[in-house]
Novice: 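Below: one structure in structure tokens.
Treat the numbers as computed from the prediction; the structure is a model and nothing was measured.
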Amino acid sequence: MSQTWWRGAAIYQVYLRSFADGNGDGIGDLAGLRSRLTYLKDLGVDAIWLNPWYPSPMADGGYDVADYRDIEPVFGTLDEAEAFIAEAHALDIKVIIDVVPNHSSTESAWFKEALADRRARDRFWFRDEPDNDWRSIFGGPAWTQVADGQWYLHLFAPEQPDFNWDNPEVHQEFEDVLRFWFDRGVDGFRIDSAALLFKSADGYEDLDGVHDVYRRWREVADEYGGRVLIGEVWLPDQERFARYLRPDELHTAFNFDFLSCPWEPAALRRVIDLTLATHTPIGAPPTWVLSNHDVTRPVTRYGRADTAFEHGGRLHGTPSDLELGYRRARAAALLAMALPGSVYVYQGEELGLPEVEDLPDEVRQDPMYARSGGTNPGRDGCRVPLPWSGDGPPFGFGPVPGPGAGPGTGAEAGAGPAAPWLPQPESWRKLTAEAQAGDLGSMLNLYRSGLALRRDLLGDGTLTWLPSAADVLAFTRDSGLACVANLGRTPVPLPPGQVVLSSGPLDEGELPPDTTAWVLPPGSGA
């Protein structure tokens with residue numbers, strides 16, 4: 001791949017706890033991931049992004065990091081992580097990992113030292129009294145009192161104390177962490193809560209100091225060559241968002257406007273135009289994201305009357321027409337893949353998994369659920385372990401033969417693998433990777449075909465809109481391929497040429513509602 005491989009890459013997000021279990025204890029791990037690398041190669045992805053794999057008490061699914069230079073024992077070892085990186089590289093797959101610079105864990109060495117010695121507290125936000133009445137993003141107060149009477153700030157859960165980025169030690173620590181993983185072959189970092197690092201009397205979102213941090217991080221990344229920094233930046237102001245993507249800061253940032261956008265033609269075109277207008281002047285590649293580990297899965301969301309997404313209003317339990325949502329999710333996948341820039345696929349998206357909304361309360365682990373007193377169901381419903389094979393749970397989530405797969409040590413001999421850490425619905429028997437592999441019309445094979453064509457015909461570049469009806473999004477890409485997405489209620493004509501892929505059957509040569517098609521012009525030789 002080129003030194004700027006990320007500009008047009010297809011990047012697959014792995015939520016490690018829920019991807020594949022290599023030792024039979026019911027929790028996904030590195031052994032499981034390594035055993036499924038050929039699946040990801042066959043899917044057609046260019047890179048894997050992993051959520052935190054560091055040692056953690058798991059108060060927030062690993063985003064409460066106790067040690068940034070090691071691997072959570074439940075997931076494996078540092079040696080296994082290095083083996084995984086090497087095996088991915090051998091398949092020409094890049095590796096991106098999360099870094100969490102806003103907060104740590106109450107189990108980290110620094111925080112334990114701070115509790116034992118007040119002189120070590122300047123690495124965090126300790127005060128004799130809370131400076132303000134801020135509320136945690138997860139609900140409840142953002143300040144917690146310790147035994148000697150002082151209070152510390154945590155924008156998320158109490159187990160996640162915020163770092164004080166006014167302290168130079170914090171800057172040096174994270175530069176060292178970047179180097180530690182770059183030296184082990186990691187190809188990039190996704191930066192969690194990238195806009196929240198600094199705090200002042202006026203607030204904590206998008207303060208100017210963050211840009212100095214990322215300029216320095218960019219210098220570190222550039223020393224290694226071919227490495228990428230990706231920001232999780234939720235900002236409604238596109239002008240301020242673009243500042244993170246200046247040539248000496250981050251390479252890319254997630255496009256949450258597109259992710260949150262309803263399945264409405266005018267809204268989607270507005271977001272696409274705004275995205276391109278934001279990125280083009282600064283030479284940064286856009287990103288296109290339909291879902292992730294924090295977001296209601298598209299099949300469920302697109303089947304609702306309100307197809308938008310907001311963290312504060314997850315619409316949990318709102319009726320969803322899953323057949324309609326499935327059709328729209330297929331159309332949205334081809335639309336996202338056709339847009340210029342990089343595209344992200346969250347694990348299970350390629351299987352058409354719906355949100356699991358009927359999890360028993362006693363199994364929910366997301367702190368959003370606990371901190372809200374149960375009024376917010378949290379994000380566990382999009383984190384349910386993947387179904388790989390078989391007719392019932394655990395659907396092949398446990399050990400399989402292959403490179404990196406260890407013995408089934410998580411259950412008693414002869415008892416089989418332990419149940420997955422979150423229960424899977426029985427209805428997923430039709431959605432396993434095994435069931436879909438041989439079905440040419442499956443969601444899995446749509447993704448495989450789309451990503452293969454995308455590599456040859458799409459990716460980085462430009463977009464030109466075509467004349468179309470108000471309910472249709474139609475554009476061409478540099479290769480000449482036209483993408484037409486019909487969001488209306490009646491079939492529409494397709495441009496002349498060869499249809500190389502469509503998200504659903506055509507209607508006597510016309511494009512049905514909630515369907516996307518890719519068309520190569522006549523004489524293209526395809």
Side-chain angles (χ1 to χ4, degrees), residues 1-15 19 33 36-51 85 87-98 186-190 226-230 251-255 258-259 272 275 279 284-293 295 297-298 329-353 386 433 436 442-463 477-479 481 483 485 500-501 503 516 518:
M1 296 184 194
S2 72
Q3 288 286 293
T4 57
W5 56 268
W6 58 83
R7 294 190 62 90
I11 301 171
Y12 187 93
Q13 181 189 352
V14 168
Y15 191 76
F19 185 72
L33 173 57
R36 300 289 184 177
L37 276 175
T38 54
Y39 167 86
L40 297 177
K41 178 65 175 178
D42 292 343
L43 184 61
V45 302
D46 302 303
I48 297 169
W49 155 40
L50 289 93
N51 293 99
I85 294 167
E87 290 162 7
H89 286 172
L91 294 172
D92 204 22
I93 297 174
K94 304 289 188 180
V95 175
I96 300 164
I97 63 173
D98 258 354
V186 162
D187 300 288
F189 288 91
R190 175 265 194 186
R227 311 301 171 96
V228 64
L229 301 174
I230 304 162
H251 297 87
T252 69
F254 286 158
N255 187 346
F258 185 75
L259 180 152
I272 293 168
T275 297
H279 289 74
T287 64
W288 309 100
V289 189
L290 293 177
S291 66
N292 63 30
H293 64 294
V295 173
R297 286 193 176 274
R330 290 173 64 94
L334 291 194
L335 174 63
M337 289 184 206
L339 292 166
S342 56
V343 66
Y344 285 77
V345 178
Y346 174 51
Q347 65 178 47
E349 197 177 296
E350 81 280 11
L351 301 177
L353 300 183
L386 295 191
Q436 296 194 44
S442 69
M443 183 75 90
L444 176 58
N445 279 312
L446 179 74
Y447 268 79
R448 285 176 173 172
S449 298
L451 292 173
L453 287 167
R454 183 182 185 276
R455 179 168 287 169
D456 293 333
L457 299 171
L458 298 163
D460 194 20
T462 60
L463 170 156
R477 293 296 313 281
D478 310 69
S479 62
L481 182 143
C483 175
V500 293
L501 188 62
S503 64
T516 298
W518 292 355

Novice: Taking atom OG of Ser479 and atom CG of Asp456, what is their separation to the nearest 0.5 Å?
Specialist: 9.5 Å
Novice: Do the rings of Tyr15 and His293 sit parallel, tilted or perpendicular, given the 30° and 60° boundaries?
Specialist: parallel
Novice: Rounded to the nearest 0.5 Å, what separation is found between the CD1 atom of Ile230 and the OG atom of Ser342?
Specialist: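 If we round to the nearest 0.5 Å, Ile230:CD1 and Ser342:OG are 7.0 Å apart.
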Novice: Nearest 0.5 Å, please: how far is CD1 in Ile11 from OG1 in Thr252?
Specialist: 6.5 Å
Novice: Is there a side-chain contact between Ile85 and Asp187 in this structure, where contact means two heavy atoms from C-beta onward sitting under 4.5 Å apart?
Specialist: no
Novice: Return the minimal non-hydrogen interatomic distance between Ser442 and Asn445, and the atom names on each side.
Specialist: OG-N, 3.1 Å
Novice: Can you spot which of Arg455, Lys41, Lys94 makes a salt bridge (charged side-chain N to carboxylate O under 4.0 Å, His left out) with Asp46?
Specialist: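 So, applying the salt bridge (charged side-chain N to carboxylate O under 4.0 Å, His left out) to Asp46 and each of Arg455, Lys41, Lys94, only Arg455 qualifies.
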Novice: Taking the side chain as everything from C-beta on, heavy atoms only, tell me whether Leu50 gets closer than 4.5 Å to Leu33.
Specialist: yes
Novice: Mind listing the closest non-hydrogen atom pair of Leu351 and Tyr39 along with its distance?
Specialist: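 Distance-wise, the nearest heavy atoms are CD2-OH, 3.8 Å.
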Novice: Looking at Ala331 and Thr516, what are the two nearest heavy atoms and their distance?
Specialist: O-OG1, 2.9 Å
Novice: Who pairs with Arg297 by salt bridge (Lys or Arg N to Asp or Glu O under 4.0 Å), at least two apart in sequence or on another chain?
Specialist: none
Novice: Could you measure the distance from the CG atom of Asn292 to the CZ atom of Arg190? Nearest 0.5 Å is fine.
Specialist: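 If we round to the nearest 0.5 Å, Asn292:CG and Arg190:CZ are 7.0 Å apart.
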Novice: For Leu37 versus Glu87, what's the shortest heavy-atom pair and its separation?
Specialist: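 Taking every non-hydrogen atom into account, CD1-CB, 3.8 Å.
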Novice: What residues form a ring pair (Phe, Tyr, Trp, His ring centres under 6.0 Å) with Phe258, not counting sequence neighbours?
Specialist: Trp288
Novice: Mind checking whether Met337 and Leu453 have side chains closer than 4.5 Å, heavy atoms only?
Specialist: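 No, side chains not in contact.
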Novice: Counting only N and O atoms by type, is there a donor-acceptor contact under 3.5 Å from the side chain of His279 to the main-chain atoms of Ala284?
Specialist: no
Novice: Report the distance from atom CG of Leu451 to atom CG of Leu458, rounding to the nearest 0.5 Å.
Specialist: 10.5 Å
Novice: Between atom CG of Leu334 and atom CZ of Arg454, what is the distance when rounded to the nearest 0.5 Å?
Specialist: 11.5 Å
Novice: Taking it one step at a time, do Glu349 and Tyr344 satisfy side chain to side chain donor-acceptor pair (under 3.5 Å)?
Specialist: CA-CA 10 Å; Glu349 197 177 296; Tyr344 285 77; over 6 Å; no
Novice: Minimum heavy-atom separation for Gly226 to Trp5, with atom names?
Specialist: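 Taking every non-hydrogen atom into account, O-NE1, 2.8 Å.
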Novice: Given side chains that start at C-beta, do those of Leu290 and Val345 come closer than 4.5 Å, heavy atoms only?
Specialist: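 The answer is no; the side chains never approach within 4.5 Å.
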Novice: Do you know which of Trp6, Tyr346, Phe19, Phe254 makes ring pair (Phe, Tyr, Trp, His ring centres under 6.0 Å) with Trp49?
Specialist: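 When ring pair (Phe, Tyr, Trp, His ring centres under 6.0 Å) is applied between Trp49 and each of Trp6, Tyr346, Phe19, Phe254, only Phe254 qualifies.
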Novice: So, for Ile93 and Val45, which heavy atoms are closest and what is the spacing to 0.1 Å?
Specialist: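 Looking at all heavy atoms of both residues, the shortest contact is CG1-O, 4.1 Å.
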Novice: Taking Thr287 for the side chain and Asn255 for the main chain, is one N or O donor matched with an acceptor at less than 3.5 Å?
Specialist: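 Checking the backbone N and O of Asn255 against the side chain of Thr287, a donor-acceptor pair under 3.5 Å is found.
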Novice: Thr462: which residues meet the side-chain hydrogen bond (donor to acceptor under 3.5 Å, both in side chains) condition with it, sequence neighbours left out?
Specialist: Asp478
Novice: For the backbone of Glu350 and the side chain of Arg448, can you confirm whether one donor and one acceptor N or O come within less than 3.5 Å of each other?
Specialist: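 Checking the backbone N and O of Glu350 against the side chain of Arg448, no donor-acceptor pair under 3.5 Å is found.
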